[in-house]
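Before any comments, here is the structure.
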Amino acid sequence: MFGLTFDKLIVVGVVAAFLVGPTRLPGYAAKLAELVRRLRSTADGLKERVSDEIGEDIDWQKLDPRRYDPRAIVRGALFDDEQDTGTKRD
């Protein structure tokens with residue numbers, strides 16, 4: 001996640017705690033918790049909507065774009081006629 005390790009996140013949190021101060025820190029922590037809750041509920045809603053739209057029984061391996069070789073697709077489209085008719089185009 002952006003090259004941040006757990007140690008760096010701790011340091012950022014400690015620096016933020018010093019900058020914000022002990023009086024405002026609980027309010028900001030509550031706002032952060034509410035933001036995380038909203039993001040989680042939004043993500044859950046999106047997952048549910050996607051599964052409703054496209055169904056549960058999708059083979060994701062078939063839809064993986066890394067499986068398709070553009071050269072093989074073009075080669076197949078160009079040379080299928082030769083194999084069907086047995087003649088060669090010039």
Side-chain angles (χ1 to χ4, degrees):
M1 184 176 118
F2 306 113
L4 293 177
T5 61
F6 185 70
D7 299 336
K8 291 178 185 177
L9 288 175
I10 296 272
V11 170
V12 168
V14 169
V15 170
F18 280 118
L19 290 177
V20 169
T23 57
R24 290 186 283 174
L25 189 61
Y28 284 121
K31 287 180 184 178
L32 180 64
E34 180 62 30
L35 176 69
V36 169
R37 270 189 236 115
R38 277 194 212 151
L39 288 174
R40 283 186 179 172
S41 68
T42 301
D44 289 340
L46 287 174
K47 285 180 189 177
E48 184 178 325
R49 185 172 177 184
V50 166
S51 67
D52 287 345
E53 292 289 330
I54 58 177
E56 296 289 333
D57 56 342
I58 293 209
D59 185 14
W60 292 104
Q61 296 295 327
K62 283 185 177 180
L63 298 176
D64 187 9
R66 293 174 289 184
R67 290 183 59 222
Y68 301 105
D69 181 22
R71 292 172 292 184
I73 294 170
V74 169
R75 201 175 305 124
L78 291 176
F79 299 117
D80 269 350
D81 291 338
E82 290 178 11
Q83 295 172 355
D84 293 340
T85 60
T87 59
K88 202 172 191 181
R89 290 188 199 174
D90 289 324

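The first residue in the sequence is number 1, and the count goes up from there.
- Smallest separation of non-hydrogen atoms from Gln61 and Arg67: O-CD, 2.9 Å.
- Looking at residues two or more places apart in sequence or on another chain, you find a side-chain contact (heavy atoms from CB on, under 4.5 Å) between Arg66 and Asp64.
- Distance check, rounded to the nearest 0.5 Å: CZ of Phe18 to CG of Leu25 gives 11.0 Å.
- Taking Arg37 as the reference, Glu34 meet the side-chain hydrogen bond (donor to acceptor under 3.5 Å, both in side chains) condition, with sequence neighbours excluded.
- Going from atom CG of Leu39 over to atom CG of Asp44 covers 11.0 Å, rounded to the nearest 0.5 Å.
- The distance from the OH atom of Tyr28 to the CZ atom of Arg24 is 5.0 Å, given to the nearest 0.5 Å.
- If you chain together hydrophobic residues whose side chains sit under 4.5 Å apart, Ile73 and Leu78 never meet in one group.
- Put simply, CD1 on Ile10 and OG1 on Thr5 are 9.5 Å apart, with the number rounded to the nearest 0.5 Å.
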